[in-house]
Every structure is written in structure tokens, then in C-alpha cells.
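Below is one structure; the comments refer to it alone.
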Amino acid sequence: TTLVIAVDLTQSVAVEGPDSKTEFQKNIDAVTKLLAQVPADSRVTVIGITDMSLAQPDILLSATIPDDAGYFGQRLAAARSELVRAWIARSARLMPAFRQTDIIGALFLAGQIFNQEGRVGAKTLVVFSDMRQQTRQLDLESPSIVSSFDQIRKERTKNGIAKLGEVHVLVLGVDGAGRPLSYWQSLRKFWSEYFRASGASLESYTVLRDLTQAMATPDTIH
């Protein structure tokens, strides 16, 4: 398995929820939980979603999980523990400080990572973000309703599409803080169309962060 995890480091996820935890901190915690469950024989890369996700890539963590789980899974358990320890140390220094959100750049970066790995097996991309792309080239955060992907592509022909063929995509923690449901639904429709055009299989797009819950929620898109 090649696993790429993209986590939003921008100011749009700094909003606090009813539990007094920010969406950013919930995303960081969810990454920790995910890393504790990675399978044997995996290559894991965690990247940051910033204001220039592709032009200045932020590789937060990169590790290989051995294919031999060991007796009673001891080697796998040790590798997972080390991975979690490294992530906790790295994430302690992270802040949602970037003013703009370059999600598309992060998707291009993920595509390059998958292509570079060249591994045979499953390719999975997990994105923890509110998905509110907001750059000078493309602003999906400001409109009250997001236009369709086809319309935006016609109007902005310079915006390319990441190549994510055979990649399984899960978009988690897509909060709707401060925006009406109609906006959230239009944003989901845009990204569903984008991932379809990229060749990816969008398995889930949900406000939930737990993988088990996410795959069972009615908001899941197949």
C-alpha cells in the first residue's frame, strides 16, 4: 500500500467547534489515529496543505512499514508506535497559520508521490480539510454557492487536473462551519467532479474523521 495523507495547515480550519477544539486539532488527532492503523508493507507520506502546496511542498513525515509483521504482529506494532511517536513530535510544532488554501497543489503533489513510488498495490489518499480552496488562481471559499467543475474549468482553462488514476480517495473532516448546507453541498459536488476527472475513486467525502464511520455514513460517495 502507498498511503498519502494531506492535512490542512491553513487558517480556515482554525475555527473552534462546540467542544472547544479547533477543526485543525481534530484533524491532527485523526492523523495520529490513522497512522496507528497502517497495514504492513506500506509506504506512508504526510503532506501539508499550505498556501503553496506544490510550489513549496511541505513533507511532514515519510516512513516505510515493513512487510513482515513479525511474531504476533510485534514488528508491525513497533513500527506503528514509532510512526505515531514521530508524528506527535512533528505535529506539536504545526499551526494553522497559512492565509490561503492550495488544495489542488496538494493533489498534484500527491499524484507525483504516487508516481514516484511506482509500487504495485493499493494507492490511497486521505485528505483532512474543509476543502475550501482559496488562492488567487481559484477561490472556492468566497462564493455563496460553488459553480460546477465543468463551468469553472471552462472559465479558468489554465487550471490543470491532478493525475490520480487508480487512487482511492477519502476526504474527511469537511466541516461546514459558518456556511449554509447549500454551500457545503455545492463544494462537495465540485470536488466529486474534480476527482472523477482526475481518474481517482472518491470513496468518502464527509464531516466525519474516523475511517470506519466515514465509510458507513450516508454522505459517503461511491
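Heads up: numbering here begins at 1 and tracks the sequence.
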Stepwise side-chain contact (heavy atoms from CB on, under 4.5 Å) test for L3 and T124: CA-CA 5 Å; L3 172 64; T124 301; 4.0 Å; yes
Apply the test side chain to side chain donor-acceptor pair (under 3.5 Å) to residues T10 and D8: give CA-CA distance (whole Å), side-chain angles for both, the deciding distance (0.1 Å), then the verdict. CA-CA 6 Å; T10 69; D8 201 326; 2.6 Å; yes
Measure the [atom1]-[atom2] distance between [X] and [Y] for me, rounded to the nearest 0.5 Å.
{"X": "R43", "Y": "T2", "atom1": "CZ", "atom2": "OG1", "answer": "9.0 Å"}
{"X": "I5", "Y": "L60", "atom1": "CD1", "atom2": "CG", "answer": "10.0 Å"}
{"X": "N115", "Y": "K123", "atom1": "CG", "atom2": "NZ", "answer": "7.0 Å"}

Apply the test side-chain contact (heavy atoms from CB on, under 4.5 Å) to residues L140 and I152: give CA-CA distance (whole Å), side-chain angles for both, the deciding distance (0.1 Å), then the verdict. CA-CA 10 Å; L140 303 181; I152 291 177; 3.8 Å; yes
If we count only N and O atoms by modelled type, under 3.5 Å, do the side chains of D29 and Q25 hold a donor and an acceptor together?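 The answer is yes; a qualifying pair exists.
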Among residues at least two apart in sequence or on other chains, which ones pass salt bridge (Lys or Arg N to Asp or Glu O under 4.0 Å) with E82?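 Testing E82 for salt bridge (Lys or Arg N to Asp or Glu O under 4.0 Å), a comparison that skips the adjacent residues, returns R85.
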R179/S144 under side chain to side chain donor-acceptor pair (under 3.5 Å): CA gap, chis, key distance, verdict: CA-CA 8 Å; R179 304 303 296 270; S144 57; over 6 Å; no
Where the side chain of [X] meets the backbone of [Y], is there a donor-acceptor pair that is under 3.5 Å apart?
{"X": "N27", "Y": "V7", "answer": "no"}
{"X": "S186", "Y": "V146", "answer": "yes"}
{"X": "S148", "Y": "Q151", "answer": "yes"}

S182: what forms a side chain to side chain contact (heavy atoms under 4.5 Å, CB included) with it, not counting sequence neighbours?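 Residues passing side chain to side chain contact (heavy atoms under 4.5 Å, CB included) with S182: I145, P180.
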Do you reckon I59 sits in the same ILVMFWY cluster as F114, going by side-chain contacts under 4.5 Å, direct or chained?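 Yes, I59 connects to F114 through the hydrophobic network.
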Kindly determine whether D58 and T50 satisfy side chain to side chain donor-acceptor pair (under 3.5 Å), including the steps that lead there. CA-CA 8 Å; D58 192 359; T50 67; over 6 Å; no
Where at least one partner belongs to residues 124-149, residue pairs that pass ring pair (Phe, Tyr, Trp, His ring centres under 6.0 Å), sequence neighbours excluded: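 Matches after skipping sequence neighbours: F149-F190, F149-Y194.
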Evaluate the criterion side-chain contact (heavy atoms from CB on, under 4.5 Å) for residue pair T22 and E16; output intermediate values, then yes/no. CA-CA 4 Å; T22 64; E16 286 190 0; 3.7 Å; yes
